[in-house]
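Taking it in order: structure first as structure tokens, then the write-up.
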Protein chains: 2
Amino acid sequence: MDIHNIEEEQVKFLRCIGEATRLRILKHIIDGEKCVTDIVNAVGKEQSLVSHHLKHLKDCNIVIARQKAQKAYYSLAHHRLAEIIIQSESLVKELPVCQEKDCNE
Amino acid sequence: MDIHNIEEEQVKFLRCIGEATRLRILKHIIDGEKCVTDIVNAVGKEQSLVSHHLKHLKDCNIVIARQKAQKAYYSLAHHRLAEIIIQSESLVKELPVCQEKDCNE
DNA sequence: CTATATTATGAATATCCATTCATATAAATT
DNA sequence: AATTTATATGAATGGATATTCATAATATAG
């Protein structure tokens, strides 16, 4: 795998987490695996849509799925993913737009 | 600015850096400001396209522009941006796909 | 065995977005 | 003043992708 493929993978990764519903899914499973129904309730979107996004996240190796009976449990594929999510959030708060708008939760 | 706007800004940010040409631009100016012509040569894309992407990056507060005579110099809007770029790259190398393919430059 | 609960999937649609092309603006050089 | 250099911009287009809908698949419960 050369540098170009790395960059392609990096773009694929960033684009994958850079979508509203997927980011909400990730933030919801950040503290441990959750089943699909649970995630659907948390993000407030259609089951079908959540399932599509979970597949997308899995194809990008961002989450892993564990099957237990008729339920599927999803969790982050790597502990460092949580760091990136947290750090990019805290960075965004420091960027000019947020600063101007007095950016605190 | 409440939590929802933060998340919107985070998505906007991640999506903005999650594009091949823009990521290449960012990696090229990571060590200091560069003029447009220089960036165009580095990324090997049309001047017009690079200009559009620079505008996009500026609108997202990811880069800042400095005008000097007829030249425009672009640089990262925040020192922590470099960290995110580097860290997401190193994280991607640790994800399953890259591991399988024996992922080293 | 039928019904219900849980998750996945394919097709269709609609929206978004990267790219190209043509052109504008503005400064510098001749 | 005319030409060249450097950068920006608006419109058009093609391709990607989020969402919805209908339905499949599979397991459990009654």
Side-chain angles (χ1 to χ4, degrees), chain A residues 4 7-29 32-77, chain B residues 4 7-29 32-77:
Chain A
H4 300 297
E7 228 168 75
E8 268 176 43
E9 291 293 330
Q10 188 178 5
V11 166
K12 204 169 95 181
F13 164 73
L14 290 168
R15 174 168 290 168
C16 193
I17 67 174
E19 197 280 326
T21 303
R22 285 194 293 269
L23 187 61
R24 294 198 64 192
I25 290 173
L26 292 175
K27 287 186 177 181
H28 187 246
I29 65 176
E33 65 173 17
K34 302 273 161 54
C35 74
V36 178
T37 305
D38 191 289
I39 298 170
V40 168
N41 292 331
V43 304
K45 295 290 167 99
E46 279 193 8
Q47 176 271 321
S48 172
L49 180 60
V50 170
S51 201
H52 278 300
H53 282 309
L54 284 170
K55 178 173 164 45
H56 193 177
L57 287 164
K58 198 170 65 171
D59 290 345
C60 288
N61 295 284
I62 292 172
V63 303
I64 54 175
R66 184 177 67 92
Q67 200 75 29
K68 167 104 178 178
Q70 79 275 47
K71 288 198 171 185
Y73 292 89
Y74 285 85
S75 56
L76 298 187
Chain B
H4 299 298
E7 228 168 75
E8 269 176 42
E9 291 293 330
Q10 188 179 5
V11 166
K12 205 169 94 181
F13 164 72
L14 291 168
R15 173 168 290 168
C16 192
I17 69 175
E19 198 280 326
T21 304
R22 285 195 293 269
L23 187 60
R24 294 199 64 194
I25 291 173
L26 292 174
K27 286 186 177 180
H28 186 247
I29 67 176
E33 64 173 18
K34 302 273 161 51
C35 74
V36 177
T37 305
D38 192 289
I39 299 170
V40 168
N41 292 332
V43 304
K45 296 288 168 97
E46 279 193 8
Q47 176 271 319
S48 172
L49 180 60
V50 170
S51 203
H52 278 299
H53 281 309
L54 285 170
K55 178 172 165 44
H56 194 176
L57 287 163
K58 199 170 64 170
D59 290 345
C60 290
N61 294 284
I62 292 172
V63 303
I64 53 175
R66 184 177 67 92
Q67 201 74 29
K68 166 104 176 178
Q70 79 276 46
K71 289 197 171 185
Y73 292 89
Y74 285 84
S75 56
L76 298 186

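Fair warning: this is a prediction, and the values are worked out from it, not measured in the lab. Here is the naming used below: chain letters follow the sequence lines, and residue numbers restart at 1 for every chain.
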Query raised in the report: Taking only residues at least two apart or on different chains, which pairs with a member in residues 35-45 of chain B satisfy side-chain hydrogen bond (donor to acceptor under 3.5 Å, both in side chains)?
Result: H28(B)-D38(B)
Query - Sequence-aligned protein contact record of nucleotides 7-16 of chain C, with B where the base is within under 4.0 Å of a protein heavy atom and S where only the sugar-phosphate is - result: BBBBB-----
Report summary line: Applying side-chain hydrogen bond (donor to acceptor under 3.5 Å, both in side chains) to H56(A) and not counting sequence neighbours gives R22(A)
Query raised in the report: Which residues satisfy the salt bridge (Lys or Arg N to Asp or Glu O under 4.0 Å) test with K71(A), sequence neighbours excluded?
Result: none
Query raised in the report: Would you say the side chain of K68(B) lies within less than 4.5 Å of the side chain of E33(B), judging by non-hydrogen atoms?
Result: no
Requested in this report: Strictly below 4.0 Å, heavy-atom distances to any atom of DNA chain D: list the hits from residues 16-24 of chain B, or just say none.
Outcome: none
**Report entry** Interatomic distance, L57(B) CG vs dA8(D) C1' [rounded to whole Å]
**Finding:** 15 Å
Query - Counterpart residues, side chain to side chain contact (heavy atoms under 4.5 Å, CB included), relative to R15(B) (two or more places apart) - result: E19(A)
Report task. Quick one: list whatever passes salt bridge (Lys or Arg N to Asp or Glu O under 4.0 Å) with E46(B), sequence neighbours left out. Result -> none
Query raised in the report: For the pair made of NZ in K34(B) and P in dT7(D), what is the distance, rounded to whole Å?
Result: 14 Å
Requested in this report: May I have the distance from I39(B) (atom CD1) to dA8(D) (atom C1'), rounded to whole angstrom?
Outcome: 14 Å
Query - Length of the line joining E8(A):CD and dA16(D):P, which is rounded to integer Å - result: 13 Å
Query raised in the report: Atom CD of E46(B) to atom P of dA6(D): distance rounded to whole Å?
Result: 17 Å
Report task. Mind checking side-chain hydrogen bond (donor to acceptor under 3.5 Å, both in side chains) for E8(B) and listing every partner two or more places apart, or none if nothing turns up? Result -> none
**Report entry** Separation of atom NE2 in H56(B) from atom P in dA8(D), rounded to whole Å
**Finding:** 16 Å
Report task. Report the residues that fulfil side chain to side chain contact (heavy atoms under 4.5 Å, CB included) with Q70(A), sequence neighbours left out, ordered by chain and then residue number. Result -> none
